[in-house]
Structure formats: structure tokens, C-alpha cells
Amino acid sequence: MPSAISVKEVTKTYPGLTALGGVSLEIEPGEFFGLLGPNGAGKTTLISIIAGLTRANKGSVSVLDHDVVSDFRMSRRLLGVVPQELVFDPFFTVRETLRIQSGYFGLTRNDDWIDEVMSNLDLSGKADSNMRALSGGMKRRVLVAQALVHKPPVIVLDEPTAGVDVELRQTLWKFIARLNRDGHTIVLTTHYLEEAQALCTRIAMLKAGQIVALDRTEELLRRVAGLQMVLAIGQGQLPEALRDRAIDRDAAQRSGKVALRLSDSSEVEGILAACREGGARVDDIELQAPDLEDVFVQVMRGNS
Ligand SMILES: Nc1ncnc2c1ncn2[C@@H]1O[C@H](COP(=O)(O)OP(=O)(O)OP(=O)(O)O)[C@@H](O)[C@H]1O
Ligand SMILES: [Mg+2]
């Protein structure tokens with residue numbers, strides 16, 4: 001079975017900048033895949049190349065074995081992309097927008113599916129509203145709907161939940177998870193790492209155009225060993241002897257919250273005693289299991 005998305009040695013440069021520096025990635029059919037990384041890491045650039053909207057300088061990309069350049073029409077048909085930027089035609093209603101999008105794929109009688117998509121995204125009430133009259137979050141729902149009108153087997157969402165309310169996020173994830181259960185491959189970029197942790201089975205982390213981590217989510221989480229203890233230091237500083245334990249060494253030099261690595265909860269007492277002796281007043285402690293944000297911070301600092 002071909003990869004849902006195959007990215008081979010892709011390089012993309014802009015004058016004075018390497019947006020992607022030789023990225024290779026295989027995403028299998030049925031995966032719920034996360035593409036994470038800080039602003040400017042190259043996520044949208046990679047998605048634009050997959051969607052055939054931007055040309056790579058080197059390398060190749062295919063969607064279910066169809067090259068995105070030489071076999072653009074087929075690869076585009078197999079793909080649904082929710083873009084990061086809100087782009088739409090203000091003169092059409094929601095339903096018209098979705099009908100026009102269906103028309104691009106030669107689907108002339110698509111209203112049953114359009115209605116189902118709108119209903120799943122809580123858009124039905126806005127079907128006859130003009131696009132320009134919609135709020136930002138509603139426009140984003142339409143972008144998601146547009147990407148799904150042709151029931152693409154591979155769905156790529158570039159920050160679909162940026163700036164949208166809790167209700168839409170929950171509605172959207174329920175729908176996307178259903179599509180994934182039905183066999184659709186999902187690729188997601190998001191800065192909400194708790195969403196990625198809950199949804200994605202495998203994750204790639206990009207940094208400055210390079211993949212710096214690629215693994216199953218549970219394996220990534222396992223890399224951050226043990227527990228974390230978050231100390232709220234009201235006065236003084238974390239004693240020098242404890243700074244090696246700090247997950248963020250810069251934070252360890254200030255008062256306020258600092259997260260320490262623990263291999264065992266029996267270490268709590270010793271740490272508190274060391275703080276007391278070092279003149280640091282601890283106002284609060286919290287024990288936490290590691291999460292994807294911890295992994296992300298470690299990976300981006302280059303010490304994982
Ligand atoms: N058309 C362009 N011309 C010049 N530079 C560009 C262009 N498009 C993107 N870049 C640069 O390429 C790099 C990667 O940008 P990209 O949009 O892919 O990042 P991203 O990972 O999606 O970030 P974000 O999380 O902010 O969406 C950035 O440094 C960006 O400024
Ligand atoms: Mg982006």
C-alpha cells in the first residue's frame with residue numbers, strides 16, 4: 001500500500017533563507033499525524049508543497065503515489081487542505097461556496113454531503129449567510145468544510161483551531177476523529193500541544209526546516225523520564241545545586257514557577273529541604289506527569 005503522503009528530500013529556499021532543508025517523511029494511510037514546530041519552522045511551506053501550491057527546489061512529494069507536480073490533478077483530488085490563512089469570496093453564501101468548491105471536483109449533486117458536513121461543523125444555521133457576514137471562527141468552519149466537500153482520503157489541517165472557541169474545537173475534533181475512524185488519513189499542525197497529544201498517534205517536530213523528532217506520540221512522551229515537580233518560588237531563587245534538574249534553565253534563575261525533573265516522588269522532601277536551606281521560599285508545589293509540551297521544549301532546545 002502506498003504512503004498517504006510521501007515526502008522525499010524536500011528542500012525549499014527563499015532568497016537568503018532555507019525554509020525546508022531536505023525533509024523526508026512517510027505518512028501511512030489511516031494515521032492521525034501531527035506536524036509540530038515553532039513559528040517559521042516550515043510547516044505551512046511543507047503543506048503548500050504537498051498541496052501543489054508551492055514548488056520545492058529539490059525532492060519530491062506524492063499523495064497516495066501520485067506526484068504533486070507531474071500528477072497534480074489526481075494528487076489534489078485525493079487531498080483536502082484546510083489552509084492557515086482565511087481566504088474566501090465575500091459575495092457567496094456558505095452553501096454557494098461549498099457548491100462551487102464541489103464543482104471544482106466535478107461534483108454537481110453534492111448537497112447531501114454538504115449538509116452533513118455543515119451539520120457536523122455546526123454551520124447549518126449559517127448556510128444562507130454571506131461569507132463576509134460571518135465571524136472569524138465561522139469562516140474557519142467554512143474553510144474546514146471546503147476541504148472536505150470531495151471526501152478526500154487524505155486531510156491536512158494547518159492550524160484549524162487557531163483563534164476558535166472551545167465549542168468549535170470540540171465539535172471539529174469529534175468530526176475529524178470520526179473521519180479518521182472511517183479510514184481518512186489526518187495530518188494536523190497546531191500550536192495547542194495538548195490537542196496534538198490527545199489526537200495524534202505519530203508526530204514530527206520541525207525546527208528551522210529540519211525534522212528534529214519523529215516518533216509515535218507515546219514514545220516521545222517516554223523520552224521525558226519520570227515525574228515533574230513544579231515549584232512556585234515566592235522569594236529567593238532555586239538553589240544552584242538543583243538547577244541541573246530544571247527543565248528550563250532560564251526559568252530556574254528567576255523567582256516564580258520552575259519545573260524540575262524527578263525520578264521518584266521520594267525526592268520531593270530532599271528538594272524542599274534544599275530550597276529551605278538555600279533561602280528559597282516555596283509557596284506551592286505541584287507534581288505532574290510529563291506531557292508533549294515538555295517533550296517539545298526539550299526537543300527544540302536540542303537536548304533530547
Ligand atoms: N513566500 C515566501 N517568501 C519568503 N519567505 C517565506 C515565504 N513563505 C514562507 N517564508 C519563510 O519560510 C519560513 C517558514 O515559514 P512557514 O510559514 O512554513 O512556517 P510555519 O512553520 O508554518 O510557521 P507558523 O507556525 O508561524 O505558521 C519562515 O521563515 C517564513 O518567513
Ligand atoms: Mg504555518
Side-chain angles (χ1 to χ4, degrees), residues 5-25 27 32-63 68-69 72 75-76 79-88 136-137 139-144 146-147 154-164 168-169 172-173 176 185-200 202-215 217 220 291-302 304:
I5 297 178
S6 170
V7 177
K8 291 199 164 82
E9 301 283 330
V10 164
T11 297
K12 177 69 189 175
T13 55
Y14 292 110
L17 177 105
T18 301
L20 295 172
V23 169
S24 295
L25 189 61
I27 299 171
F32 203 129
F33 191 90
L35 186 61
L36 308 182
N39 293 136
K43 304 177 299 292
T44 298
T45 304
L46 182 58
I47 289 171
S48 305
I49 292 170
I50 294 168
L53 301 170
T54 304
R55 281 275 183 105
N57 299 93
K58 267 195 243 159
S60 63
V61 175
S62 56
V63 178
V68 300
V69 179
F72 171 74
S75 70
R76 188 61 193 83
L79 195 67
V81 180
V82 182
Q84 182 173 10
E85 301 293 332
L86 290 171
V87 275
F88 58 89
K139 283 178 191 141
R140 197 165 289 284
R141 294 182 200 209
V142 179
L143 283 188
V144 175
Q146 262 185 296
V154 184
I155 300 164
V156 180
L157 306 111
D158 194 353
E159 290 187 46
T161 49
V164 303
L168 169 58
R169 281 203 227 168
L172 178 65
W173 293 136
I176 298 297
T185 307
I186 312 291
V187 180
L188 165 70
T189 83
T190 179
H191 291 287
Y192 298 103
L193 298 180
E194 70 280 5
E195 287 183 354
Q197 180 175 341
L199 293 160
C200 300
R202 211 157 62 96
I203 286 172
M205 293 191 188
L206 269 181
K207 180 186 179 182
Q210 305 274 353
I211 292 184
V212 287
L214 171 64
D215 216 330
T217 310
L220 287 172
D291 62 17
L292 197 60
E293 194 166 320
D294 305 318
V295 182
F296 187 85
V297 169
Q298 273 194 28
V299 168
M300 292 308 151
R301 277 167 190 271
S304 177

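Side chains included, hydrogens not; waters and symmetry mates left out as well; all remaining heavy atoms used. Both ligands and their constituent atoms are indexed starting at 1 by order of listing.
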Would you find a donor on one side and an acceptor on the other, under 3.5 Å apart, between the side chain of [X] and the backbone of [Y]?
| X | Y | answer |
| --- | --- | --- |
| Lys207 | Met300 | yes |
| Arg76 | Leu79 | yes |
| Asp291 | Asp294 | yes |
| Lys43 | Pro38 | yes |
| Thr18 | Thr13 | no |
| Thr217 | Cys200 | yes |

Legend entry - N or O contact, Ala19 vs ligand 1, cut-off under 3.5 Å: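 In this structure, Ala19 places no N or O atom under 3.5 Å from an N or O of ligand 1.
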
Legend entry - Gly42, any N or O under 3.5 Å of ligand 1 N or O: yes

What residue and atom, counting heavy atoms only, is the protein's closest point to [atom], and at what distance?
| atom | answer |
| --- | --- |
| atom 27 (O) of ligand 1 | Gln84 NE2, 2.8 Å |
| atom 3 (N) of ligand 1 | Tyr14 CD2, 3.4 Å |
| atom 13 (C) of ligand 1 | Gly40 O, 3.7 Å |
| atom 24 (P) of ligand 1 | Asn39 ND2, 3.5 Å |
| atom 16 (P) of ligand 1 | Thr45 OG1, 3.5 Å |
| atom 17 (O) of ligand 1 | Thr44 CB, 3.6 Å |

Inset, instruction - Answer yes if a protein heavy atom lies under 4.0 Å from atom 31 (O) of ligand 1, otherwise answer no. - result: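 Answer no: nothing from the protein, no heavy atom, is under 4.0 Å.
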
Inset, instruction - Please list, chain by chain and in numerical order, all residues satisfying side chain to side chain contact (heavy atoms under 4.5 Å, CB included) with Lys139, sequence neighbours excluded. - result: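 With sequence neighbours excluded, Lys139 shows a side chain to side chain contact (heavy atoms under 4.5 Å, CB included) to Leu86, Phe88, Met131, Leu134, given in chain and number order.
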
Inset, instruction - Please name all residues satisfying side chain to side chain contact (heavy atoms under 4.5 Å, CB included) with Lys58, sequence neighbours left out, ordered by chain then number. - result: Thr11

Please report, to 0.1 Å, the donor-acceptor pairs under 3.5 Å made by any side chain of residues 47-56, with sequence neighbours excluded.
| unit_1 | atom_1 | unit_2 | atom_2 | d |
| --- | --- | --- | --- | --- |
| Ser48 | OG | Thr44 | O | 2.8 |

Inset, instruction - Could you please give the number of protein N/O/S atoms within less than 2.8 Å of the Mg ion (ligand 2)? - result: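 Of the protein's nitrogen, oxygen and sulfur atoms, 2 lie under 2.8 Å from the Mg ion (ligand 2).
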
Inset, instruction - For Leu36 and Thr190, work out which heavy atoms get closest and say how close. - result: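 Result for this residue pair: CD2-O, 3.5 Å.
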
Inset, instruction - Return the minimal non-hydrogen interatomic distance between Ile203 and Ala196, and the atom names on each side. - result: CD1-O, 4.3 Å

Legend entry - Contact partition for Pro15 relative to ligand 1, non-hydrogen atoms under 4.0 Å: neither

Legend entry - Part of Leu17 with heavy atoms under 4.0 Å of ligand 1, whether side chain, backbone, both or neither: side chain

Legend entry - ligand 1 atoms in contact with His191 (distance to a heavy atom under 4.0 Å):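 Those qualifying, in numeric order: 25 (O).
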
Inset, instruction - For Gln84, look at atom CD and say whether over 12 heavy atoms of other residues, nucleotides or ligands are found less than 6.0 Å away. - result: yes

